[in-house]
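Data block below; observations after.
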Amino acid sequence: MLLIPCPWCGRRDESEFACGGEAHIARPADPDAVSDAEWADYLFMRTNPKGAHRERWVHVHGCGRWFNVARHTVTHDISAAYKVGEKPPGDAS
Amino acid sequence: MREQSHRLAEGGRIDRATPLRFTFNGRRYGGFAGDTLASALLANGVSVVGRGVKYHRPRGIFSAGSEEPNAVVQLETGAHTLANARATRVELYDGLVATSVNCWPSAEYDFAAALGLLSPLLPAGFYYKTFKWPASLWMTYEAVIRRAAGLGRAPDGPDPDRYDKINVHCDVLVVGGGPAGLAAALAAGRTGARVILADEQNEMGGALLDGHDEIDGAPAQDWTAEAAARLDAMDEVRCLPRTTVFGYYHHNFLAALERVTDHLGPQDAGVLPRQRLWRIRARKVILATGAIERPPVFAGNDRPGIMLAHAARTYVNRYAARPGRRAVLFTNNDGAYRAALDLRAADVEVAAIVDTRPEPTGDLPAEAESADIELIAGHAVVATHGRKRLSAIEVMALGDGGGQVSGEARRIPCDLLAVSGGWNPTAHLFSQSGGRLRFDATGACLVPAVAAQATRPAGAGNGTFALDGCLAEGWAAGAAAAAEVGSRARGRAAKAPGATVTPEEPPGDYGVVPAPGHPEGGPKHFVDLQNDVTAADIALAAREGYGSVEHLKRYTTLGMGTDQGKTANVAGLAILARLGGTDVAGTGHTTFRPPYTPVTFGALAGRDVGALSDAARRTPMHHWHERAGARFEDVGQWKRPWYYRHPGEDMAGAVERECLAARNTLGIMDATTLGKIDIQGPDAAELLDRVYTNAWSKLEVGRCRYSLMLGEDGMVMDDGVTARLGRHHYLMTTTTGNAARVLAWLEEWLQTEWPELRVYVASVTEQWATITLCGPNARRLLAEFTGDVDLGTQAFPFMAWRAATVGGIAARLFRVSFTGELSFEINVPARYGLGLWTAFMNAGEKYGITPLGTEAMHVLRAEKGYIIVGQETDGTVTPADLGMDWIVSSKKDFIGRRSLGRTDTARPGRKQLVGLETEDAALVLPEGAHLVENPGQEPPVPTIGHVTSSYHSANLGRSIALALVKGGRGRMGEAVHVALEGGAARAVIRDPVFFDVQGSRLHG
């Protein structure tokens, strides 16, 4: 069971959280401007990396806040947890 | 009760002053406090404790620990019974009752073994091969195999025992209380670090309890007692005996099972639970898990009387029980010589030591020779004799580098063969933690190599087998772990405990011990005693292409079962490696998975059973419903009245009565459970616009609107009515089961996608009690309770809401309807719910007011063709599929809108909601039944849809049904067939609205 550092509450057991899948998937600003394929990509397609992964979690049995976590999918090492709207650590863009 | 024929007169860690009685396979025996069930059985000379799972050959006690493959018993009877208890780990208590598993009718006389029934049926891959045959044949076999290959029986009633869970954090968790673990705990504990020391045995000491070692110049068992006492005296150290750490999960989370009162037997333990599940988050972990002796694989190696050498030593030393009277040792290493010396000291005649090494030169072999024990070096055991107990063995000289045997076989009578093929570090937890193992060619074993978490293996569990090394490594690990968490010892320096040990030569070759005729035929070389997997099975699997370790395991069942191959896996890997011309480093090993030893379901469930398994939510009117004869149904966590049964009524009668009352006079329903979400803020309307299919900005204060909520995939997710309470204030209602999900959904979008919206959402479901009055007399009754609001349809039309005083209580009245009748939903603060309900019931008597359950409500709404999300929808249904395009705005964006134009959602031929009228008006179709065009055609018959809702309608005097049918709206009036058990029924497709199509009652 992971120990997840909630940016508001500190480190808590995974059982207090729910995972919301891959993070930083932007909803197309104008859905009508994208093709069916692009929409399907937004809707269904997720990366499934072996390694570094940024994902959304919600502290559902805690503060109720959504936030992002950078987790290694093999070692489960959590290198960062950051709030919605914040840039992922190491992201220069 | 007979004499304990194999009990030593003195010695051991048993208490002869506390005799205990127990029953095994119906016979009564005696033992002593301090015994395990296994040691007590041995002390009584019991040789057969079970039967092999496939061949049903008799089996005896093989080990003295958790690795036991054979002595697996059914402990106790009835509801308390525990299947698959390892007799070697069951502490004896007075009155214990145990029976063998895997045998019928008894372990002594086994039917299948007597007839040789199963052996030809069960080659490697038997189950796979069987599944390829017609399924019917498997059914035939299954009944036979289940009885023959039984692995224990389930309890026959609910578990009467209590179980607890406890969550803890610690600086250092030390797993294993042997020399390395004790040293580690002492080193960490003296710094003041918070330490937990867990060991599966009843007392700390590990293997030190089995021998005569010395530590710091004193008997090791004295040192152990002193160490345990010192640890107990440390404030931040917690010692947990009888506690097996069985799982090592992510981020140093470990689970342990403490057997709190198991050793007392089934009894009222007072405040104590039977077992306790420890959920431990440790900053550092030290794995001092010891090692498990591995057996050599030789011909006929499964007879009762053959056991691991260290186990034999343990039984005489620790339990004062002689596992035999005349012993032979069979070994490839020095360590087993200790067993020979100890057996001899316990008056067991040691006939010989058979060593596969050509010239054992170590100190221990020398000691054995000087004690006049015959050493037969360069030889191997090639055959064993005896049916229910070993009577003799045969040995032959090894040649060809150990690959062949030659010369005359020499027969040696004996009733105990103590065997050792070396030791395997207990690396289970290390491997579970993600750590990598490496194959150590010298010890022929897998040892921890690279840790993946904050964990340190130490001692025998790390491949450091000698006592001095265990102590030093454990001490160093404990000190280092404490230092890493910032805990440092004060006061004078302390020294690691030390020991002087007899050096041991490296073990000899480990693999299949040759025998005449093998491998082509001849006697069986068992690798996995619990699963009856032989060396020949492994060879067969390899020949048939199952040469990878994970395939081999599943094909042969090697390493499965309750012992998970603790004595078998490395042997199996070694054999497979040799077949492939490699070694275990080349084959790799199968994944070690939790649990290390079996865990009871009771412990995993803890107190979360029965009424506590899930929260039950009850409305303020719940007890009234109970008294009124309500039968309840679970909707999410809510208990909702399903129907109210009057005396002499069945469910159908009750539902019919309720439905008629709602249409003809007055129904009353508890709608408190509907989800209510309070939405406030300047952007509230904008939020609604984005999450609902229709437009909200023009909705006036005082009005309500029904809408659909879609997933981003365009599929219907929820529906409900939302009212505008004020300029920036709305009240959203959701379906009962979806309330939490919808709230979470709104939160997710607000937090992650639209943080700029100035709006707050909060659940107010439990703050309000909701009473629905419906039927032609609803307005009349409500008028008696209100004076400050005009209930007339002009002033208070359908889909409006009004603040009003109802029976003196400030309330919100919503003119909405799910039944198609004139209907008011009255929301009052929850604490007034029961009072108002009772008042309505009293005043409504003159109208024949009738409480409605959910079933009546479902019938009434189906008469109107109203959907229920989750019944008419299943996550693949769009608004258009339901014929509800009218509610979908084309002028704005909302969640899911873009998906409605995707190729698949827009294609013709999708399933659409229709009504169904059966030809036989009395026939109520089963929900879920499939519709077909031509039931007469050859199967498979393509389905064109399915029934989603189906009821008898008392108001219409016939059955009604809703269905999703491919292209359904284009099939109005068409006949279809409903596939039913025993034939098909005809039905006609029609509009889904069966009753009051104009909606005049609704608006009246």
Side-chain angles (χ1 to χ4, degrees), chain A residues 1-5 7-8 10-45 55-61 63-69 71-78 82-86, chain B residues 165 167-169 247-255 279-283 433-436 450-454 594 690 711-715 740-741 743-756 760-763 890 892-906:
Chain A
M1 182 159 56
L2 304 179
L3 193 61
I4 297 173
W8 282 269
R11 298 195 299 172
R12 301 295 169 90
D13 276 350
E14 182 184 344
S15 55
E16 294 184 15
F17 299 84
C19 186
E22 187 177 353
H24 306 299
I25 292 172
R27 186 173 198 262
D30 179 3
D32 292 322
V34 299
S35 68
D36 271 11
E38 286 166 322
W39 182 254
D41 188 59
Y42 153 71
L43 205 51
F44 302 121
M45 304 311 284
E55 56 202 15
R56 308 184 313 148
W57 287 81
V58 57
H59 197 181
V60 60
H61 298 298
C63 62
R65 302 296 295 183
W66 282 88
F67 58 96
N68 297 317
V69 165
R71 180 179 65 96
H72 193 283
T73 59
V74 178
T75 65
H76 298 288
D77 179 49
I78 292 177
Y82 52 101
K83 296 174 183 176
V84 170
E86 290 179 355
Chain B
K165 288 183 199 173
N167 294 284
V168 288
H169 292 255
Y248 198 140
Y249 307 92
H250 305 315
H251 293 181
N252 265 11
F253 180 82
L254 295 94
R279 296 150 51 94
I280 305 167
R281 183 78 71 174
R283 295 174 72 188
S433 77
R436 263 208 338 269
V450 183
Q453 300 196 34
R690 293 184 189 188
E712 188 73 303
D713 58 1
M715 303 303 157
R741 186 173 160 216
L743 182 70
W745 177 249
L746 300 178
E747 273 292 342
E748 179 181 343
W749 284 92
L750 283 173
Q751 287 187 35
T752 63
E753 205 67 39
W754 309 320
E756 73 282 3
Y760 292 92
V761 296
S763 168
S890 57
K892 56 144 198 167
D893 192 27
F894 54 86
I895 295 171
R897 186 192 56 87
R898 175 64 180 80
S899 291
L900 299 178
R902 290 178 64 238
T903 323
D904 186 62
T905 30

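Chain A is the first sequence line, chain B the second, and so forth, proteins listed ahead of strands; every chain is numbered from 1.
- Only the side chain of B:Trp749 comes within contact range of chain A, judged by heavy atoms closer than 4.5 Å.
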For this session: Assess whether side-chain contact (heavy atoms from CB on, under 4.5 Å) is satisfied between A:His76 and B:Gln453, documenting all intermediate values.
Result: CA-CA 10 Å; A:His76 298 288; B:Gln453 300 196 34; over 6 Å; no

Problem set entry | Criterion side-chain contact (heavy atoms from CB on, under 4.5 Å) on B:Arg281 and A:Asp13, from CA distance to verdict | CA-CA 9 Å; B:Arg281 183 78 71 174; A:Asp13 276 350; 2.5 Å; yes

Exercise. side-chain contact (heavy atoms from CB on, under 4.5 Å) between B:His250 and A:Met1: does it pass, once the steps are laid out?
Worked result: CA-CA 5 Å; B:His250 305 315; A:Met1 182 159 56; over 6 Å; no

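- At a threshold of 4.0 Å, the pair B:Glu748-A:Arg56 counts as salt-bridged, since one of the basic side-chain nitrogens sits closer than that to a carboxylate oxygen.
- Of the possible polar contacts, none joining the B:Gln751 side chain to the A:Phe67 backbone as a donor-acceptor pair under 3.5 Å is found.
- Comparing B:Pro755, B:Ser899, B:Gly901, B:Gly711 by how many heavy-atom pairs each has under 4.5 Å with chain A, the most go to B:Ser899.
- Contact of B:Asp893 with chain A is made through the side chain alone, with heavy-atom distances under 4.5 Å.
- When every heavy atom of B:Thr903 is checked against every heavy atom of A:Asp36, the shortest pair comes out as OG1-OD2, 3.3 Å.
- Both the backbone and the side chain of A:Val34 come within less than 4.5 Å of a heavy atom in chain B.
- B:His251 has its side chain out of reach of A:Glu14: every pair of non-hydrogen atoms, C-beta onward, lies at least 4.5 Å apart.
- Taking CZ of B:Arg279 as the start and OG of A:Ser15 as the end, the distance is 5.5 Å to the nearest 0.5 Å.
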For this session: Quick one: do B:Arg898 and A:Asp32 satisfy side-chain contact (heavy atoms from CB on, under 4.5 Å)? Show the steps, please.
Result: CA-CA 7 Å; B:Arg898 175 64 180 80; A:Asp32 292 322; 4.1 Å; yes

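- Contact of A:Leu2 with chain B is made through backbone and side chain together, with heavy-atom distances under 4.5 Å.
- Counted within 6.0 Å of OH on B:Tyr760, heavy atoms from surrounding residues, nucleotides or ligands total 12 or fewer; the atom is thus considered open.
- Between A:Arg27 and B:Gly896 the shortest heavy-atom distance is NH2-N, 4.2 Å.
- If you measure heavy-atom distances from A:Trp39 to chain B, the contacts under 4.5 Å come from the side chain alone.
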